[in-house]
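One-based numbering along the sequence shown. Atoms within each ligand, like the ligands themselves, are counted from 1 in listed order.
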Amino acid sequence: MPLTSPLTEPALREACLAARKVARSAYAPYSKFRVGAAVVGKRGLYCGANVENASYGLTLCAERAALSAAVAAGDRDIRAVVLAFLDAPRTGEGLELVPCGACRQWIAELAPSAGIYIWNTRKWYTPEALLPVAFSLPTGERKRRRAAR
Ligand code: THU
């Protein structure tokens, strides 16, 4: 967990408000568990909510919706991913308010230097702490170096 927030207090407050607000737009008729994500990029704030489907496995998580919005806006310099699990009870046996495995893989690839903050628990995580050995493919520089060998 990073000891210090990558965001200023007002920026963190703004991202938390945005995550909570967008969570109210979640389409979660099956789980009734609304999640909001606010991705803080160099140039702006990008929001996403979970979108479920009658074919349950097709559900899109809030994190991936927000990360897609940041990529679509051309803002790949992501500083923080702020999450609001709106319908989570305050405490509970086996309750872990953290991104799911698929979203961790997305965060590892698209926001490797970001801090991940959970509004409900006020905890910061690093992508590395959430997914220590993330899958990756050789791209860019590594690929060029390999081809030159
Ligand atoms: N969900 C997210 O949006 N993000 C997560 O990291 C965990 C799960 C959503 C998916 C589904 O719509 C609902 O929460 C219950 O799993």
Find out whether [X] and [Y] are in side-chain contact, i.e. whether some heavy atom of one side chain is under 4.5 Å from a heavy atom of the other.
| X | Y | answer |
| --- | --- | --- |
| Phe85 | Arg34 | no |
| Glu63 | Trp106 | no |
| Tyr125 | Pro99 | no |

Inter-residue atom distance Leu83.CG - Lys123.NZ, 0.5 Å rounding: 13.5 Å
Between atom CG of Leu67 and atom CZ of Arg76, what is the distance when rounded to the nearest 0.5 Å?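 It is 11.5 Å, given to the nearest 0.5 Å.
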Distance filter under 4.0 Å to [X] heavy atoms, resulting ligand 1 atoms:
| X | value |
| --- | --- |
| Glu63 | 2 (C), 3 (O), 4 (N), 5 (C), 6 (O) |
| Pro99 | 6 (O) |
| Ser31 | 13 (C), 15 (C) |
| Phe33 | 13 (C), 14 (O) |
| Thr59 | 10 (C), 11 (C), 12 (O) |

Going by the side chain to side chain contact (heavy atoms under 4.5 Å, CB included) test, name the single residue among Thr126, Ile116, Leu131 that passes it with Ile107.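 Of all the options given, the one that passes is Ile116.
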Within the structure, does Val35 bring an N/O atom to less than 3.5 angstrom of an N/O atom in ligand 1?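 In fact, backbone or side chain, Val35 has no N or O that close.
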Pairs of nitrogen or oxygen atoms closer than 3.5 Å, one from Phe85 and one from ligand 1: do any exist? no
Verify atom 16 (O) of ligand 1: protein non-hydrogen atom under 4.0 angstrom away: no
Side-chain heavy atoms nearer than 4.5 Å, only ILVMFWY residues, links allowed to pass through others: does that put Leu60 and Val82 together?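 Leu60 does not cluster with Val82.
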Would you say Val81 and Ile118 are hydrophobically clustered, going by side-chain heavy atoms of ILVMFWY under 4.5 Å? yes
How close does the nearest protein non-hydrogen atom get to [atom], and which residue and atom is it?
| atom | answer |
| --- | --- |
| atom 7 (C) of ligand 1 | Cys100 CB, 4.0 Å |
| atom 9 (C) of ligand 1 | Asn50 ND2, 3.5 Å |
| atom 11 (C) of ligand 1 | Glu52 OE2, 3.3 Å |
| atom 3 (O) of ligand 1 | Ala62 N, 3.0 Å |

Identify which of Ala102, Cys103, Cys61 has a heavy atom lying nearest to atom 8 (C) of ligand 1. Cys61
Would you say Ala28 touches ligand 1, if touching means a heavy atom closer than 4.0 Å? no
Would you mind writing out the side-chain donor-acceptor pairs for residues 40-52 within the sub-3.5 Å range, not counting sequence neighbours?
from	atom 1	to	atom 2	distance (Å)
Arg43	NH2	Ala73	O	3.2
Arg43	NH2	Gly74	O	3.2
Tyr46	OH	Asp75	OD2	2.8
Asn50	OD1	Val35	N	2.9
Asn50	ND2	Phe33	O	2.8
Glu52	OE1	Tyr30	N	3.0
Glu52	OE1	Ser31	N	3.1
Glu52	OE2	Ser31	OG	2.5

